[in-house]
Amino acid sequence: MENAKKQKEIMGQIVTYHEEIVMMYKGEITALRDKGSSIDIVVSVADGRLAAAVKNKRVKDVLLCLTDGRRITPDQRKKIYATLRDISNHTGYPPEEAKQIMKFVYVEKTAGEYFSLSDCSVDTARVFLNVLTDFCLEHGVITTDMLTDRTDDIDTYLTQCIRHRKCAICGRNGEIHHWDAIGMGNDRKRYDDSANRKICLCRMHHTIAHQKGVKDFQRDYHVYGIIYRGKTDESGR
């Protein structure tokens, strides 16, 4: 009974497990112009409805995903199935059912196409791993390996840890550690730290980071601070 209740709660969270609506189209790059600090890209999309959608919705921002034709690697597949087993153990769903549910979470979050783990692209596998690590952090899934060893995209993982306030090392509840020190004399409540690199660490690893210093901490734990533009405390800063 308790297990069924837990499944229902998690399934309800999965249904609303998205942040924004994304429209995804396949296209071909037909021209580009390198401007040094930026690049202009011309993309041809074989869908006549796209022009109307862009105009009607007044779309200005786009997300560009590049694929190089490579297929999922054995290492990616191993990481994915290990994480799916952990999610299965946490939710109570059988492994195959957990896999199907998480594929739909992937579709919901990315607006990507449904895929097979037997022959999907390297990029699809990488993004699916991102979805899995994000789910684990948000729902407190206990994993048999450190998530730093599961991810294929460490920057995204470190961002997820900050967003969910989970330690990037052990996954426990965490707090923001300023990789770039704010400095003596600055008022921490007023200081704009948006350009400072940060990482989320539990109290224990936060203390270790201060004791070791950033260079030794990065060497020992293979993590580092990142620029994070989202909210980093309850006041909205």
Side-chain angles (χ1 to χ4, degrees), residues 2-27 45-47 49-50 53 61-164 166 168 171 230:
E2 184 65 27
N3 191 46
K5 181 180 179 182
K6 184 177 181 182
Q7 289 181 358
K8 184 176 181 181
E9 288 176 351
I10 293 177
M11 192 60 191
Q13 292 169 334
I14 289 175
V15 171
T16 58
Y17 193 66
H18 66 280
E19 297 174 356
E20 60 182 358
I21 297 174
V22 179
M23 301 172 66
M24 186 173 291
Y25 294 86
K26 290 184 177 180
V45 179
D47 191 327
R49 299 170 297 176
L50 180 57
D61 297 324
V62 298
L63 175 65
L64 181 64
C65 298
L66 303 177
T67 58
D68 57 13
R70 292 179 298 161
R71 296 300 174 188
I72 183 174
T73 67
D75 187 55
Q76 284 180 317
R77 191 177 289 110
K78 179 181 178 181
K79 291 177 179 178
I80 286 171
Y81 276 105
T83 310
L84 287 171
R85 283 195 298 272
D86 293 331
I87 292 174
S88 170
N89 291 334
H90 179 79
T91 61
Y93 285 105
E96 185 62 28
E97 192 170 349
K99 180 176 74 172
Q100 299 305 321
I101 290 173
M102 293 313 300
K103 283 184 179 181
F104 283 115
V105 172
Y106 163 87
V107 172
E108 175 75 9
K109 283 187 67 68
T110 69
E113 297 179 352
Y114 194 80
F115 62 92
S116 170
L117 287 172
S118 64
D119 62 354
C120 67
S121 71
V122 164
D123 296 315
T124 296
R126 181 181 299 112
V127 175
F128 188 48
L129 270 169
N130 287 343
V131 170
L132 295 180
T133 57
D134 191 65
F135 184 89
C136 289
L137 290 168
E138 180 173 359
H139 296 284
V141 177
I142 298 174
T143 55
T144 52
D145 301 311
M146 293 171 58
L147 286 177
T148 49
D149 295 329
R150 295 277 180 87
T151 184
D152 255 12
D153 185 353
I154 188 66
D155 278 12
T156 294
Y157 169 71
L158 293 172
T159 299
Q160 293 169 348
C161 289
I162 293 175
R163 185 168 66 247
H164 295 303
K166 298 295 183 181

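None of these values were measured; they are calculated from a predicted model.
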(message) For the residue pair S121 / T124, report whether a side-chain donor-acceptor contact shorter than 3.5 Å exists.
(response) yes
(message) Quiz question: by atom type and distance under 3.5 Å, do the side chains of R150 and T144 form a donor-acceptor pair?
(response) yes
(message) Please report the interatomic distance CD(E96) to CD1(I101), rounded to the nearest 0.5 Å.
(response) 11.0 Å
(message) How close do Q76 and A125 get, counting heavy atoms only, and between which atoms?
(response) OE1-CB, 3.5 Å
(message) Determine whether a donor-acceptor pair (N or O, by modelled atom type, separation under 3.5 Å) exists between the side chain of T143 and the backbone of M146.
(response) no
(request) Using modelled atom types only, decide if a donor and an acceptor are shared between the side chain of R71 and the backbone of V122 within a distance under 3.5 Å. (result) no
(message) Using modelled atom types and a 3.5 Å cut-off, is there a donor and acceptor pairing between side-chain atoms of N89 and backbone atoms of R85?
(response) yes
(message) Any heavy-atom pair between the side chains of T133 and T83 that's under 4.5 Å?
(response) no
(request) Would you verify whether the NZ or CZ of K103 falls within 45 degrees of the ring axis of F115 while also being under 6.0 Å from that six-membered ring's centre? (result) yes
(request) Indicate yes or no: at least one non-hydrogen side-chain atom of Y106 is less than 4.5 angstrom from one of M102. (result) no
(request) Name all pairs fulfilling the salt bridge (Lys or Arg N to Asp or Glu O under 4.0 Å) condition that reach into residues 152-162, sequence neighbours left out, sorted by first residue then second. (result) K79-D152
(request) Would you check if the side chain of S88 reaches a backbone N or O of A98 as a donor-acceptor pair within less than 3.5 Å? (result) no
(request) Go through the steps to decide whether C161 and L137 satisfy the test side chain to side chain contact (heavy atoms under 4.5 Å, CB included), and finish with yes or no. (result) CA-CA 7 Å; C161 289; L137 290 168; 3.9 Å; yes
(message) What's the separation between atom OG in S118 and atom CZ in R77, rounded to the nearest 0.5 Å?
(response) 7.0 Å
(request) Over all heavy atoms of both residues, which pair between T148 and A168 is shortest? Give the atoms and the distance, please. (result) CG2-O, 3.3 Å
(message) Between I72 and I80, is there a side-chain heavy-atom distance shorter than 4.5 Å?
(response) yes
(message) Do K99 and L117 make a side-chain contact, defined as non-hydrogen atoms from C-beta onward lying under 4.5 Å apart?
(response) yes
(request) Please tell me if the side chains of L84 and P95 come closer than 4.5 Å, counting only heavy atoms from C-beta onward. (result) no
(request) Run the salt-bridge test on R126 and D123 with the 4.0 Å N-O cut-off and return the result as yes or no. (result) yes
(message) With a 3.5 Å distance limit and no angle check, can you tell me whether Q100 reaches the backbone of E97 through a side-chain donor-acceptor pair?
(response) no
(message) If you define the side chain from C-beta out and look only at heavy atoms, does anything of T151 sit under 4.5 Å from N130?
(response) yes
(request) Check the pair I87, F135 against side chain to side chain contact (heavy atoms under 4.5 Å, CB included), reporting the backbone distance first and the verdict last. (result) CA-CA 9 Å; I87 292 174; F135 184 89; 3.9 Å; yes
(message) Using the rule given for side chain to side chain contact (heavy atoms under 4.5 Å, CB included), can you reason through D134 versus H164, listing the C-alpha separation, both sets of side-chain angles and the distance that settles it, and then say yes or no?
(response) CA-CA 8 Å; D134 191 65; H164 295 303; 2.9 Å; yes
(request) Give, for atom CZ of R163 and atom CD of E138, the distance between the pair rounded to the nearest 0.5 Å. (result) 8.5 Å
